[in-house]
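Hydrogens, waters and symmetry mates are skipped; everything else that's a heavy atom, side chains included, is used. Chain identifiers are assigned alphabetically (A, B, ...) following the order of the sequence lines, protein sequences preceding nucleic acid strands; residue numbering begins at 1 within each chain.
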Amino acid sequence: MNKWIWALIVIIIVGLGWWAIGFSGNSAQSGTGPIKIGSVLPLTGDAASIGTIDRAAVEIAVAEINAAGGVNGRQLEMIYEDGQCASTAASNAANKLMNADNVIAIIGGLCSTETATFAPAAMQKKVVVISPASSAPNLSQTGKYFFRDYPSDAFQGKFAAEYAYNTLGARKVAVIYHISDWGTGIKNVFETRFKELGGEIVSESGEPQTATDYRTDLTKAKAANPDYIYTPMYPQGDTALMKQASELGIKAKILGADGWDDPQLAKDAKNLGLDILYTTGKTGTTDAFKQKLQQKTKSPDVPVGAPQAYDAVYILANAMKSAGTDPDKLADTIRATKYDGVSGHIEFDQNGDLTVADYVVKRMANGTATVVQ
Amino acid sequence: MDAVPQIVLNIVIAGGIYSLAALGFNVLYSTTRFFDLGYGAYALVGGYAVLCLYKWVGINLELSLLLGVLIAGLTGFLTEKIVYRALRARRASNTVLLIASLGVFTLGQAALAIFFSSQFQSLSRDIASQRLFSIESGVITATQLLILTAAFAVMGILVVVWRYTKFGRAVRAIADDEEVAQTVGIDSERVIGAVYFIGAAVGGIAGIAVGFDMGLQPLGMTILLEAVIAAVVGGIGNMYGSVLGGFLLALVENIGAWQFGGEWKFAFAFAVLILFLLYRPQGILPK
Amino acid sequence: MTALVTRKLEKRFLGVHAVDHVDIACKDGSITALVGPNGSGKTTLINTITGILPMDGGEIRVGERTLTRVRPTDAAGLGIARTFQNTRLIGQMSVLDNILLALTERSVWRALFERQGQSHLDAAEAVLRRVGLSEKRHANAEELSYGQRKLLEIARALSMRSRIYFFDEPFAGLFPEMRKVVAEILRELRAGGAAVVLVEHDMDLIRDLADFCYVLDSGKVIAEGTPEQVLKEPHVIEAYLGK
Amino acid sequence: MDYAVHILTMIAITGIAAVSLNLLIGETGLVSVAQAAFAGIGAYGMTLLMLHAGIPFLAAALFSALIAGAIALIIGAIFLSLREVYYVFGTVGLNMIVWAILLNWDSLTRGPLGIPGITRPEVLGISFADNTAFLILCAVVLLAVFAAHYAIMKSNFGRVLHAVREDEEAIAVLGYKTEVYKIVIFVISAALVAFSGSLYATYLSYINPSAFTVNDSIFILAIVILGGLGSAYGAIVGTCMLVGAFEALRFIGFPASIAGDMRQVFYGLILILFMLYLPRGLFGKFRI
């Protein structure tokens, strides 16, 4: 019998413990102390390589703002939580930030999985959310306090399709994509748009984000002898794909998405004898920002979302300078913002998406990537 | 269909790696009759050990390969000594051993993710300098040929050791019945320890092969599933069976991926496994 | 009427015949003894008959049904109850529950929606009293002594109220007065018309209880008949003492 | 305060999965690494019924539990005839296949994009939009599952499960069709865990295959092993510790960057150390 009693005691302790934590954390944002802001990025799991560097970009921005006196004299306090690119982890992380730390705003979800999980709750709690990289089209209907300074897949997929059809004159395209909210999203939009223009998708095959063997997909694509292979995939998949493509002697040219915008990939592609083009956001990513980031992370990568995360912090800080911390005023000010940041010109529409999302095309040649159009 | 030669080569390449993975698992399972899920972790340790020695410390390739295999073997040996021996001494049930091995797998994989980060890392230093051999329109690289030869070499060594050496006879005796083997004076603890070292070392070779051919990630489930499916389908306790199972699995996966797309690769592999488990659990080649 | 007959029953382990073309018949209302030195295949024979071991040849006739394959779950359906040489009880379960397992409904649906009724409890109480384990009813089976566990298994078999009983060395490990109780139970079952098969190698018990007797040696029946006839035969004595 | 409500809700939802898994591992000795797969079937089943067929939450949740049970019936019939070790590996395979289907059947499940916009339930006129009200709903469902567990184990059926757990053949000889018993408990457990999937879906209002992977099944397995085999309240205590205690780590300044992996290390350690030193778990009643 005493086992039963012991069990009850433990349940009560943990339950009450949480209740107590809940109460203690209830200190509303005092008018003078530091302004608490949260960040939800994947620090472990599949997309950790991107998440950890985006976090560094946020840290640089926060340090710079605080050094320059913070917001109306109040310092910014950034609390980082791990979203793991998975819905349960992202929900727990965001809930802690919103309900225990009572943050004013959240910079994050990198993966659309994370953002789509906690954004609705944030809207209810009137917490401003600025996502630096979640590009899933369905996030546009999230709500009044949701913004993303990263173009929705709809833009990039459409731009790539038009560029391939009109400029590159491609008529038959094979698609190899990563099965993820980002990869599948872009693929769907690209295919619909490309078919509308009269092109033909000759072969399509997806692989999980963590896949390493693309030989069968490449062989299938090669057999369909397309003009171009369109590959919306994350950086690690691109490395393996390039290697295996060169091994298989793939002659068809490769058109990538912004997952390819990674200096390490350009170096690897140097003597693989592959013709690689890829679309990426028209980021006037100033070299100054790249130096700062590479110096902090000690890695050459400037992955998807890093410049956007840096800009997101500045947009939030500037908006708070004039609107203070009231969610509605803050949201309206952000919506009216026109900001030229390291990730390019930023203006928001009523859905919180970027109004203008122009892309550039870069070509990987002898170790570096140069803008083509 | 000029793609056929390349598909055949894809199957051959993947088959090589799956066979290596299956051989290691077969060594462990056929001797101890125990499904060690930790095998996935031993294979990863092999790959990451070489990554650390060859790419970070910069030791020459051959030495770091050898050390990598030894470290993987040692991991298996120590795990058996620390975790499984105590459980077996207590006559723990298969369920207990299985759950403990699931713990070894989860712990091993997470520890590697912490030390080496969960990023994808390739073992081959300069990607492009592979010497290529083209057969018809299909292409196979030097590394892949090396992996293939390693697979058959390991199979050959294991067959010879298992059949013609005193150690091999002792192992087969334990495989049949551990108590009987002990009564005949075989120090089963020491032999099982050695078997674990060999099995984990072969698993390490498979991990290294994956590291060179495709790349490393702290996800041991893939290589574990391939090893188990190939070993079971091929025939538990039969070394030739493991290699046959490896190539058969590669065939089914590639055909499935070819017809239906890569994402269904695993579903096909498992469908084959379940069919065999139901209708021919002892696998194609008998023990 | 013969309750159960085996014809050329075979059981091979890696080619060696543990049960070698055995023909035995167990009549209703009688005690049939299976006798033989250790390792003569007595236990393997009843394990094969009751479905614990799949048979490799021959057939079993129970009533008018002829079977070439018996699975464990079929045994009870054929009206067979048995005990094991070294008991197979549910150790981490109470004595009472072990008995209730033999009494309550077998069908899944009734089991799901029913608890043991008073009739089950009374029946369990009666059979436990019969083997002198009443006051141990709430103890776990694994806490009982070897003899007590043997008695519990006998009680479990009785609760099956079957037509055919296989007792595998039921007297092993019992105190003398308990041996009398068990002998009495066997006689009661015989009087009640059941077919009792007794595996035993203690000749006095056989002479005292058995109506008919089969002597087994390395898987073969080397002699059959009443205990007196069988015990006089030279090769039986030689098989017994010669070893 | 709301964060406590969130964590307690997650404890209740995960607790339902743990109690239902205990029916399998704790009471019947059937190790299953597919609990997350059935939770996924429950979540997606309920969501699709609610969004596309307009069925209210309660009916959708019940129906999706039936779907999960039906799938478990088919799978159970196939797998449970396998030898013990292969059966366990079969459940790992089942989880992989269900996850692959959820991820790749774009037309039905929108694949990796997941399904957003799942509204909070309206049960018997009461709206559960408010988080505290939803917590009470989860607590009620957890209690219902706990009561179901208690009732099953108190019935004759439960006694037979305990017998199957220890010596299946000895019980078969008594005339029990043990295969049928194992399939039925497999179906019941799958149906019960489907409810945790349905509640998870309405709580987060968005579901995505990433929540129903093999790792999630391993997590629930670790909870049951920690809580103790053969005790429903042990499973709940295990959930409180693994969900509750772990969330507390965020406040001690545990470096977020390795927190995720540290959890996996901790689950692995639990499985090993408990098998070595405390196979009964904290409150378990059965020594495997």
Q. Any side-chain heavy atom of Ile274(B) within less than 4.5 Å of one from Phe79(D)?
A. yes

Q) For the atom pair CZ (Phe268(B)) and CD1 (Ile97(D)), what is the distance rounded to the nearest 0.5 Å? A) 10.5 Å

Q. Is the number of heavy atoms from other residues, nucleotides or ligands under 6.0 Å of Tyr240(B) OH greater than 12?
A. no

Q | Heavy-atom neighbours of Lys285(D) NZ exceed 12 at 6.0 Å | A | yes

Q. For the atom pair CG (Leu102(B)) and CG (Leu221(D)), what is the distance rounded to the nearest 0.5 Å?
A. 6.0 Å

Q: Heavy atoms only, distances under 4.5 angstrom: which of Trp99(D), Phe266(D), Tyr87(D), Phe89(D) has the most pairs with chain B? Name it, please.
A: Phe89(D)

Q. What part of Ile78(D) gets closer than 4.5 Å to chain B, counting heavy atoms only: side chain, backbone, both or neither?
A. both

Q. How many angstroms lie between OG1 in Thr95(B) and CE in Met275(D), if you round to the nearest 0.5 Å?
A. 9.0 Å

Q | Residue that, paired with Ile99(B), satisfies side chain to side chain contact (heavy atoms under 4.5 Å, CB included) out of Val224(D), Leu271(D), Val88(D) | A | Leu271(D)

Q: Could you grab the distance from atom CG of Leu276(D) to atom CD1 of Ile82(B), nearest 0.5 Å is fine?
A: 10.0 Å

Q. Residue by residue, which of residues 209-219 of chain D have a heavy atom closer than 4.5 Å to a heavy atom belonging to chain B?
A. Val214(D), Ile218(D)

Q.
Taking side chain as everything from C-beta outward and backbone as N, CA, C, O, which of these in Tyr29(B) sits under 4.5 Å from a heavy atom of chain D? Side chain, backbone, both or neither.
A. side chain

Q. Relative to chain B, which segment of Val265(D) carries a heavy atom at a distance below 4.5 Å: side chain, backbone, both, or neither?
A. both

Q. How would you list, in number order, the residues of residues 103-110 of chain D that have a heavy atom less than 4.5 Å from chain B?
A. Asn104(D)

Q.
To check you understand the geometry: which heavy-atom pair defines the closest contact between Ser81(D) and Leu278(B), and what is its length?
A. OG-CD2, 3.8 Å

**Q.** Best-contacting candidate, Leu87(B), Ile229(B), Leu37(B), Leu97(B), against chain D by heavy atom pairs under 4.5 angstrom
**A.** Leu87(B)

**Q.** Side chain, backbone, both or neither of Ile270(D) within contact of chain B (heavy atoms, under 4.5 Å)
**A.** neither

(Q) Taking every non-hydrogen pair under 4.5 Å, which of Leu273(B), Val228(B), Leu98(B) racks up the most with chain D? (A) Val228(B)

(Q) Just verifying a value: how many Å separate Tyr86(D) OH and Leu277(B) CG, rounded to the nearest 0.5 Å? (A) 6.5 Å

